[in-house]
*Asks:* 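One structure follows; several queries about it will come next.
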2 protein chains.
Amino acid sequence: MKKKLAIKDIAAALSVSEASVSIVLNGKARQNGISVKLEDKIMSFVKKVGYQPNRLAVGLRTGKSKTIGMIVEDISDPFFSSIARVVEQHIYQYGYRLIYGSSENSTEIANDLMQTFKNYQVDGYILAPAPGLEDGVEDLIKAGAPVILFDRTLPDLPCSTVVVDNFRGSESATMHLIENKFRNIAFVTLSSRQDQMTERVNGYLAALKAHDLPAVIKDIEYREAKEKTVQSIKNLLKGKHDIDALFFSTNYLALSGLEAIKEMDLVVGQDIGVVVFDDNNNFALFTPAITAVAQPIREIGLQVSKILLDQLQEDHMIGSQNILLKTKLVVRDSSAPLRRHS
Amino acid sequence: MKKKLAIKDIAAALSVSEASVSIVLNGKARQNGISVKLEDKIMSFVKKVGYQPNRLAVGLRTGKSKTIGMIVEDISDPFFSSIARVVEQHIYQYGYRLIYGSSENSTEIANDLMQTFKNYQVDGYILAPAPGLEDGVEDLIKAGAPVILFDRTLPDLPCSTVVVDNFRGSESATMHLIENKFRNIAFVTLSSRQDQMTERVNGYLAALKAHDLPAVIKDIEYREAKEKTVQSIKNLLKGKHDIDALFFSTNYLALSGLEAIKEMDLVVGQDIGVVVFDDNNNFALFTPAITAVAQPIREIGLQVSKILLDQLQEDHMIGSQNILLKTKLVVRDSSAPLRRHS
DNA sequence: CTGAAAGCGCTAACAT
DNA sequence: ATGTTAGCGCTTTCAG
């Protein structure tokens, strides 16, 4: 077993003090008046033997772990994993690593994760906050920790946020359906209303109201079995509302919805229109291709990283930034005016 | 700013020694002869003030960071993020946290990640190894670190692995196409042949050979622009081979292929058959639904976690385990015998 | 310009 | 049954 070498080993090997090695390693040779000669000697030796400092010891000593904690709802959801990917790439160059957890939208798991991150002395937090995380986040902010909320916010907290304009995104998608002559548009969403979902509902309602059209909102339990969701949507479709279009508030809800439509032998584009909030790599390949409200994933990840890095650099608290990003309605075939079979 | 309390604070508050607190905290009261009374006193106080040990200090002292390092190819790929999710959930209950990185299949990034993990003193490694990681992994194994390879292996290393039977999965999918009367089946794969891809190619070739059918292999550059891939596949289809079925070796290659097919106004099921290695949530909803070789994602994650946890418990090296999991051919409409337009 | 020494928060061997 | 102490590997005064 290769023994791991420590600063004292390299100091001993070169007959210099540990302190000099540490100073050189941290690029503070200049300000501490270390000779260029010694610096070179140390650096080349370090490189030769491939020494790397123990991050745990550095962290313990400096109080900086160079680690960022990220809480997503579910890392296997492409929306979150894609953002995680962008953040990872971006902060990596600055020497930060990502440690993450999936909250499943549970207050308990999320708080537990927060506690864990604290114990790991993470330097910053990137959170898609589960409900009930207000207190935890408030404590962090009071403690001066960099915290960025994304995807959804927590009301009344002086905290940086990066979110999309859910209201307008939803409103414009609904208007688009209305323009294409849909008149009975149902909105399929989650029963647990977090703020991003509330905004999506409100956008939908606003558009309908402006045109004096009836609203039908179908609430689905978070994480209920897929078959159950499919059944609920079938019931909705069979119901008295004579629905001609379905607007899904999330990507995975749409997957269940499309299945329900298929099982009922309805045809998207002929019998019913479909729009989905949150785009997906595959939607362009569906038949018909699915119209979606696309979120600027890359931009979200970039902004989150940028603000975090900013806050990490600042010694004194800087005002929090609140970024609102535009969504983009990607019109495909599923929302075209119906061509009904005779 | 709430000051973080340390063991000495709670020892002082209770007028006991730090050692007693530490012992109790680690559940070693019994074996160290601490009175139940003192134990209760300490525990209830700790709970009351919400004390949690600093993981960095614990890690430095014990040499165990309670952190697992995971390298995937790309965390935004659902295959990898789904496995990460399963692993995360499973090891979480045992007090381990996951820290991960995406290698993009680059030797350099992967090695860098490995180095980082080492510096963080991770207790174990879960790797979908990029090419060129042999030496790094060998060093780890020599050092006695728990290492599990998944999705692909590294030849000749005495290391635990969890992979699927790529050969048989590929072979049976090809046979299925042959049974359905396809005669000119092209295999679209990546030019960089890692072992899992080699096996998939071989399975395809074996099936064709058994039926004396011609093979056509189309290599695509890893991570080339999607448009370029689409164009390559269009060229393949326009070529002289008179191809009647496409077998894609990965999920995302299929997405490009389907786009190519669409752009050429060909119809899957009428003009061409399609099968994909690695299933996808959405394939059932495509029109026609796409036949795929499904990998047991959950099982992969579970096995990886189980073996890792095993190795983490063992003090002395235990023999490495090599798990080969079966794939499952999910037959849908895209591979049905062609019903050609007249 | 360089080295000695303290200490981050914790655990474990050793005393009492 | 409980307390004392050394030290994990590093950084950072401060004295030479």
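Order of the sequence lines sets the chain letters (A, B, ...), proteins ahead of strands, with each chain counted from 1.
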*Asks:* Using OP1 and OP2 only, check whether a side-chain N or O of Ser22(A) sits under 4.0 Å from dC10(D).
*Replies:* no
*Asks:* Can you measure Ile23(B) atom CD1 to dT4(D) atom C1' for me and round it to whole angstrom units?
*Replies:* 12 Å
*Asks:* Could you tell me how the ring of Tyr125(B) sits relative to the ring of Phe117(B): parallel (under 30°), tilted (30 to 60°) or perpendicular (over 60°)?
*Replies:* tilted
*Asks:* Who passes side chain to side chain donor-acceptor pair (under 3.5 Å) against Ser76(A), sequence neighbours left out?
*Replies:* Asp74(A)
*Asks:* Does OP1 or OP2 of dC8(D) have a side-chain N or O of Thr62(B) closer than 4.0 Å?
*Replies:* no
*Asks:* Expressed in angstrom and rounded to an integer, what is the separation of Lys37(A) atom NZ from dT2(C) atom C1'?
*Replies:* 14 Å
*Asks:* Would you kindly give the CD1-to-C1' distance between Ile7(B) and dT5(D), to the nearest whole Å?
*Replies:* 15 Å
*Asks:* Could you give me the CA-CA distance, side-chain angles and deciding distance for Ser20(B) and Ser17(B), then say whether side chain to side chain donor-acceptor pair (under 3.5 Å) is met?
*Replies:* CA-CA 5 Å; Ser20(B) 304; Ser17(B) 78; 3.1 Å; yes
*Asks:* Is a salt bridge present between Glu73(A) and Arg152(A), judged by a nitrogen-to-oxygen distance below 4.0 Å?
*Replies:* yes
*Asks:* Identify, residue by residue, the members of residues 39-60 of chain B with a heavy atom below 4.0 Å from DNA chain D, and return them in order of residue number, or none.
*Replies:* Leu60(B)
*Asks:* Expressed in angstrom and rounded to an integer, what is the separation of Asn26(A) atom CG from dT13(D) atom P?
*Replies:* 12 Å
*Asks:* If you find the nucleotide of DNA chain C closest to Ser35(A) and the one closest to Glu18(A), which residue's nucleotide is nearer the 5' end?
*Replies:* Ser35(A)
*Asks:* Validate the cation-pi geometry between Arg97(A) and Tyr120(B): distance from NZ or CZ to the six-membered ring centre under 6.0 Å, angle to the ring axis within 45°.
*Replies:* no
*Asks:* Counting any heavy atom closer than 4.0 Å, what does Ala19(B) reach on the DNA or RNA strands: base, sugar-phosphate only, or nothing?
*Replies:* base
*Asks:* Side chains of Asn105(A) and Gln194(A): do they bring a donor and an acceptor to under 3.5 Å?
*Replies:* yes
*Asks:* For Lys28(A), answer base if it contacts any base atom (sugar-phosphate contacts may also be present), sugar-phosphate if it contacts only those atoms, and nothing otherwise; contact means non-hydrogen atoms under 4.0 Å.
*Replies:* sugar-phosphate
*Asks:* Leu25(A) has an atom CG; how far is it from atom C1' of dC10(D), in whole Å?
*Replies:* 10 Å
*Asks:* Whole angstrom is fine here: how far is it from OH in Tyr120(B) over to C1' in dC10(D)?
*Replies:* 15 Å
*Asks:* Can you check the Ile34(B) CD1 to dT11(C) P distance for me, whole Å?
*Replies:* 13 Å
*Asks:* Does Glu104(B) come within less than 4.0 Å of Arg85(A), counting only side-chain N to carboxylate O?
*Replies:* yes
*Asks:* Can you measure Asn119(A) atom CG to dG9(C) atom P for me and round it to whole angstrom units?
*Replies:* 13 Å
